[in-house]
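Encoded as structure tokens, the structure appears first; notes follow it.
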Amino acid sequence: MKQRVSALLREKFGREVVLEKPRDRSFGHFATPIAFSMAKELRESPMKIAEELASSFNESDFFSSVDSVKGYLNFRLSENFLNEYAAWALKNPDQFAKQEKNEKILLEFVSANPTGPLHIGHARGAVYGDTLYRLAKHLGYDITAEYYVNDAGNQIDLLGLSIQLYGRESILKESVEYPQSYYRGDYLAPLAQDAVVKFGIEILSDESRQKELALWAKDGVMEIIKKDLAATNIFFDTFVYESSLYKDWDRVMVKMGDGIYKKEDKVFIASSQKSDDSDRVVVREDGRPTYLAGDIVYHNQKFERGYEHYINIWGADHHGYIARVKAAVEFLGYESAKLEVLLSQMVSLLKDGEPYKMSKRAGNVILMSDIVEEIGADALRFIFASKKSDTALEFDLSEFKKQDSSNPIFYIQYAHARIKTIISKSDLSEDEIMSATLKNLGENADMLMFDALLLPEIIEDAFSSRQVQKLPEYLKSLAASLHKFYYDCRIIGTEDEAKLLKLLMVVGLSLRTGLSLMGITAKDYMTKEED
RNA sequence: GCGCUCGUAGCUCAGCUGGAUAGAGCACUGGUUUGCGGUACCAGCGGUCACAUGUUCGAAUCAUGUCGGGCGCACCA
């Protein structure tokens with residue numbers, strides 16, 4: 001809709017035209033301050049230019065009016081156009097707001113180490129990534145969701161150690177001295193028990209078998225992680241294992257050319273030649289690769305697979321790492337501009353105004369699964385999708401347990417349920433409703449319909465700006481318009497019943513489509529929960 | 001110290017590719033249909049958009065600086 005207006009104006013004026021929402025809805029559907037920018041070159045007052053521009057529009061199928069107000073141009077779309085667009089959307093709900101972008105994108109996110117269940121910080125990145133993924137799919141991108149499994153390196157040994165410690169204490173009843181770093185939490189219990197069944201009791205005490213134990217256990221941990229994700233409606237297309245990549249290391253080193261050098265028996269990447277502060281070690285004296293080495297082979301593999309664009313979602317504490325990986329990508333002979341790194345910031349939780357307590361049981365972190373259990377997957381997704389991902393966030397769980405308009409997810413669901421209910425109450429058949437014409441609706445209904453038809457623009461904007469919070473913002477305001485309209489305007493039993501119901505169907509379609517892009521299923525009726 | 005980032009209502013946050021009177025929810029105060037789900041709606045209260053300078057017809061938005069918060073600056077992952 002906006003694209004069409006924009007294209008039409010670009011052709012008419014021969015320049016890009018900024019379109020925005022009018023200050024006051026009664027002004028029209030779209031507005032542009034174009035007269036201000038033309039004022040300077042034409043040496044005329046903006047008001048006069050706007051008036052001349054406004055009068056240069058004839059009556060067209062597209063605009064019913066074009067007015068100038070204080071230098072702004074305000075456009076009103078014709079009823080013909082809106083009616084046809086709405087009718088098309090209702091007939092083709094699966095096509096509504098879709099596009100065919102086709103670009104091949106690789107989206108890597110979560111990629112938490114396979115050493116324990118996901119915590120609340122992972123959840124934010126997970127929701128952000130999955131929402132981008134859903135938006136991209138809807139826009140027709142050929143996008144792949146990928147999880148990189150760090151199953152090599154120290155953290156794997158640490159997992160083995162942690163299972164042994166847990167088993168020695170709880171199964172062998174030894175008194176165990178805990179080192180400074182190890183993993184803890186209830187999830188170790190079944191791993192320790194299964195390990196005993198599979199390997200025998202001696203696996204718990206034999207330090208030389210830590211790695212063997214961990215390499216077996218990591219698959220179990222990955223199952224836990226996948227379960228956490230699935231409970232929030234998040235699924236991946238591909239999993240890439242770090243351990244499977246090192247066979248390519250020699251070849252990748254050669255490919256890096258001058259980007260790599262040896263010094264004091266260590267291998268460095270000359271990342272300071274690019275935008276990094278200093279060169280980094282990639283292979284230690286004893287031959288063990290560093291964390292960066294894994295990412296170099298991984299990114300080489302990504303680029304060899306041939307995508308047009310790469311998006312990584314990382315925790316914000318890794319931001320200093322971006323320059324190194326980009327340097328490596330360039331040494332490998334690829335355009336680092338194709339690699340886009342998005343950051344997901346920390347989350348602090350409150351409950352009833354107090355900091356949320358981390359439980360010993362969980363290993364002194366806040367588990368994603370605990371929060372899902374407490375407020376539900378829908379609310380969790382909604383919260384994380386409604387805030388800019390790259391700024392720190394603090395929120396109170398208790399707000400999302402309420403069953404009223406202060407809980408945005410509830411508010412939107414209720415709007416959708418109201419639409420469903422009223423349509424089922426009407427005596428009119430679906431054919432009668434669908435054959436109504438959406439014209440002469442009056443100001444309020446007209447604006448409601450326009451709002452509902454804005455979804456395609458919102459989706460496109462939310463994805464291309466990577467600002468997914470634009471979608472929940474939109475859904476909240478559409479729900480508010482619906483509730484207000486419902487309150488102000490009686491529908492059943494009036495002359496306009498058919499066309500008003502049709503209008504509500506359009507709103508319902510937008511709400512439902514928008515929610516599904518957030519991984520949330522729209523409800524057809526609400527049930528009151530008792531505390 | 002260097003780098004990244006944030007600072008908007010009492011609280012949690014939108015708005016930031018410059019545009020008309022800076023928004024929402026919570027909290028607080030008051031109100032609402034002889035009717036479709038009051039799980040809703042409306043109104044009031046509340047702001048030096050951290051501060052300063054600059055660019056511009058126009059700055060919460062861009063630039064520079066200052067102050068304040070967070071994060072990072074490993075041969076850890």
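No hydrogens, no waters, no symmetry mates; every other heavy atom, side chains included, goes into these values.
- In this structure the side chain of A:Lys387 never reaches within 4.5 angstrom of the side chain of A:Phe395, judged on heavy atoms.
- For A:Asn113, counting side-chain heavy atoms from C-beta on, the closest listed nucleotide (B:C71, B:A74, B:A77) is B:A77.
- Centroid-to-centroid, the aromatic rings of A:Tyr72 and A:Phe36 come within less than 6.0 Å.
- A ring-centre distance under 6.0 Å is not found for A:Phe410 and A:Tyr414.
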Set out, in order, the CA-CA distance, both residues' side-chain angles and the distance that settles side chain to side chain contact (heavy atoms under 4.5 Å, CB included) for A:Arg288 and A:Asp286, then state yes or no. CA-CA 6 Å; A:Arg288 285 156 51 234; A:Asp286 60 10; 2.8 Å; yes
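- In this structure, OH on A:Tyr474 lies 9.0 Å from CD on A:Glu457, to the nearest 0.5 angstrom.
- A salt bridge is absent between A:Lys470 and A:Glu473: the closest approach of a Lys/Arg side-chain nitrogen to an acidic carboxylate oxygen does not fall below 4.0 angstrom.
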Can you give one letter per nucleotide of nucleotides 22-31 of chain B, 5' to 3': B if a protein heavy atom sits under 4.0 Å from the base, S if only from the sugar-phosphate, - if neither? -S-SS-----
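- Within the 4.0 angstrom heavy-atom criterion, only backbone atoms of the sugar-phosphate kind lie near A:Gln469; the bases stay farther away.
- Between A:Gln155 atom CD and B:A77 atom C1' the separation is 5 Å, expressed in whole Å.
- Proximity of A:Asn154 to the phosphate of B:A77: a side-chain N or O atom is located under 4.0 Å from OP1 or OP2.
- The distance from atom NZ of A:Lys351 to atom P of B:C11 is 24 Å, rounded to the nearest whole Å.
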A correct 5'-to-3' footprint of nucleotides 3-9 of chain B, with B, S and - meaning base, sugar-phosphate only and no protein heavy atom under 4.0 Å, is BB-S---
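- Ring centroid separation for the pair A:Phe63 and A:Phe75 comes in under the 6.0 Å cut-off.
- Considering only heavy atoms from C-beta on, A:Leu478 comes within 4.5 Å of A:Leu448 through its side chain.
- Across all strands shown, A:Ala323 has no heavy atoms under 4.0 Å from either base or sugar-phosphate atoms.
- For B:A74 and B:G68, the P atoms lie 25 Å apart once the distance is rounded to whole Å.
- Taking side-chain N and O atoms only, A:Arg418 has a distance below 4.0 Å to OP1 or OP2 of B:G38.
- Dashed line: the shortest gap from a side-chain N or O of A:Gln467 to OP1 or OP2 of B:A14 is not under 4.0 Å.
- One side chain, A:Asn150 or A:Glu242, offers a donor N or O that lies under 3.5 Å from an acceptor on the other.
- Among the heavy atoms of the strands lying under 4.0 Å from A:Tyr525 is at least one base atom, whether or not backbone atoms are also near.
- Taking the C1' atoms as reference points, B:A63 lies 12 Å from B:U56, given to the whole Å.
- B:G46 and B:G23: their C1' atoms are spaced 13 Å apart (whole Å).
- For the pair A:Tyr183 and B:A77, the criterion of a side-chain N or O lying under 4.0 Å from OP1 or OP2 is not met.
- If you check B:C13, B:C36, B:C41 against the side chain of A:Lys387, the one that comes closest is B:C13.
- Distance from the side chain of A:Leu393 is smallest to B:C13 among B:C13, B:A77, B:A74.
- Set against B:G19, B:C13, B:A40, the side chain of A:Glu394 has B:C13 as its closest nucleotide.
- Comparing the same atom, P, in B:U48 and in B:A60 gives a spacing of 14 Å after rounding to whole Å.
- Within the 4.0 angstrom heavy-atom criterion, base atoms lie near A:Asn74.
- At least one side-chain heavy atom of A:Leu503 sits less than 4.5 Å from a side-chain heavy atom of A:Phe485.
- Distance from the side chain of A:Phe36 is smallest for B:C57 among the nucleotides B:A40, B:C57, B:G35.
- The interatomic distance linking A:Lys21 (NZ) with B:G19 (P) rounds to 14 Å, in whole Å.
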Read 5' to 3' with Watson-Crick or G-U pairs under 3.5 Å, [ ] for crossing pairs and | for partners on another strand, RNA chain B gives (((((((..((((.....[...)))).(((((.......))))).....(((((..]....))))))))))))....
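- Summary of the strand contacts: A:Phe27 and A:Glu242 both lie near RNA chain B, and taking for each the nucleotide with the nearest heavy atom, the more 5' one is attributed to A:Phe27.
- Map A:Pro33 and A:Val281 each onto its nearest nucleotide of RNA chain B; the residue landing nearer the 5' end is A:Pro33.
- A distance of 10.0 Å separates CZ in A:Arg324 from NE2 in A:His318, rounded to the nearest 0.5 Å.
- Separating the P atom of B:A40 from that of B:A27 is a span of 12 Å, rounded to the nearest Å.
- For A:Tyr72, the listed nucleotide lying nearest its side chain is B:G19; candidates were B:G19, B:C13, B:C41.
- Counting heavy atoms from C-beta on, the side chains of A:Ile433 and A:Lys499 never come closer than 4.5 Å.
- Side chains of A:Met38 and A:Glu44 form no contact here, defined as non-hydrogen atoms less than 4.5 Å apart.
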Given A:Tyr148 and A:Tyr298, is the ring-ring contact (aromatic ring centres under 6.0 Å, His included) satisfied, shown in steps? CA-CA 9 Å; A:Tyr148 177 53; A:Tyr298 177 39; 3.9 Å; yes
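- Within 4.0 Å of A:Tyr291, counting heavy atoms only, lies at least one base atom of the nucleic acid.
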